[in-house]
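Please read the structure below before turning to the comments.
These figures come from a predicted structure and were not determined experimentally.
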Amino acid sequence: MELLWQRPRRKTLVDWPEDVDKRLEILVRAAAAAGEQTSRSQILAALVTAAEVRPTFMAELLHTYRQMPADALEADNRREGLPSVRSPGRTRKR
């Protein structure tokens, strides 16, 4: 049986706030804490496939995101107690 995550790949450029990028790293580390070996792309794919395809749901998500104060993720992005994860390949500059 072919699995969705093994299908042909497409590279996507994502441009977003640094705090959101830090949050993605926290999600990868949280998955690692649960024993999962994963990547940023798998986390994003999992979140996209889990989202409801309802216009009102998407509108609510967008409104919530667009109204978040600049420091909304600050405390969570400093989360301690999660394993560090080193991504294979090129190192991104911070």
Side-chain angles (χ1 to χ4, degrees):
M1 174 175 70
E2 186 176 27
L3 300 175
L4 178 61
W5 76 273
Q6 296 171 320
R7 300 276 297 151
R9 316 295 281 180
R10 179 184 174 123
K11 289 190 183 292
T12 304
L13 176 64
V14 177
D15 182 34
W16 54 18
E18 287 182 10
D19 283 354
V20 174
D21 194 65
K22 290 176 187 174
R23 172 66 174 222
L24 179 55
E25 288 297 323
I26 294 294
L27 295 175
V28 172
R29 291 172 58 200
E36 293 293 327
Q37 183 177 355
T38 192
S39 64
R40 294 164 54 92
S41 63
Q42 284 185 346
I43 295 290
L44 288 171
L47 292 171
V48 167
T49 59
E52 295 181 37
V53 185
R54 283 189 300 117
T56 55
F57 176 79
M58 292 309 302
E60 185 178 325
L61 278 179
L62 285 168
H63 292 157
T64 299
Y65 168 69
R66 290 174 180 158
Q67 294 174 6
M68 286 181 148
D71 63 351
L73 300 177
E74 195 170 295
D76 201 37
N77 284 343
R78 289 189 308 243
R79 185 178 295 237
E80 301 295 327
L82 295 175
S84 60
V85 176
R86 186 167 184 267
S87 301
R90 292 177 30 185
T91 303
R92 293 177 298 124
K93 291 184 179 181
R94 300 227 176 227

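In this structure, the side chains of Glu52 and Met58 stay at 4.5 Å or more apart for every pair of heavy atoms. Between Asp21 and Arg40, some side-chain heavy-atom pair lies under the 4.5 Å cut-off.
Trp5 and Met1 fall within a single hydrophobic cluster, where Ile, Leu, Val, Met, Phe, Trp and Tyr side chains are chained together by heavy-atom contacts under 4.5 Å. Residues Leu73 and Leu82 do not share a hydrophobic cluster, clusters being chains of Ile/Leu/Val/Met/Phe/Trp/Tyr side chains in contact below 4.5 Å. Linking ILVMFWY side-chain heavy atoms closer than 4.5 Å, directly or via other members, places Leu47 and Val14 in a single hydrophobic cluster. The hydrophobic clustering, which links ILVMFWY residues whose side-chain heavy atoms are closer than 4.5 Å, places Val20 and Leu24 together.
Taking OG1 from Thr38 and CD1 from Ile43, the interatomic distance works out to 4.5 Å, rounded to the nearest 0.5 Å. Annotation: the span from Leu44 atom CG to Leu27 atom CG amounts to 8.5 Å, rounded to 0.5 Å. Taken to the nearest 0.5 Å, the CG atom of Leu62 stands 10.0 Å off from the CZ atom of Phe57. The distance from the CE atom of Met68 to the NE2 atom of His63 is 14.0 Å, given to the nearest 0.5 Å. How far CD of Glu60 is from CZ of Arg54: 8.0 Å, rounded to the nearest 0.5 Å.
For the pair Val85 and Ala32, the tightest heavy-atom approach, listed with the atom from each and the gap, is CG2-CB, 3.8 Å.
For residues 7-17, every residue pair satisfying the salt bridge (charged side-chain N to carboxylate O under 4.0 Å, His left out) rule, not counting sequence neighbours, is listed here: Glu2-Arg7.
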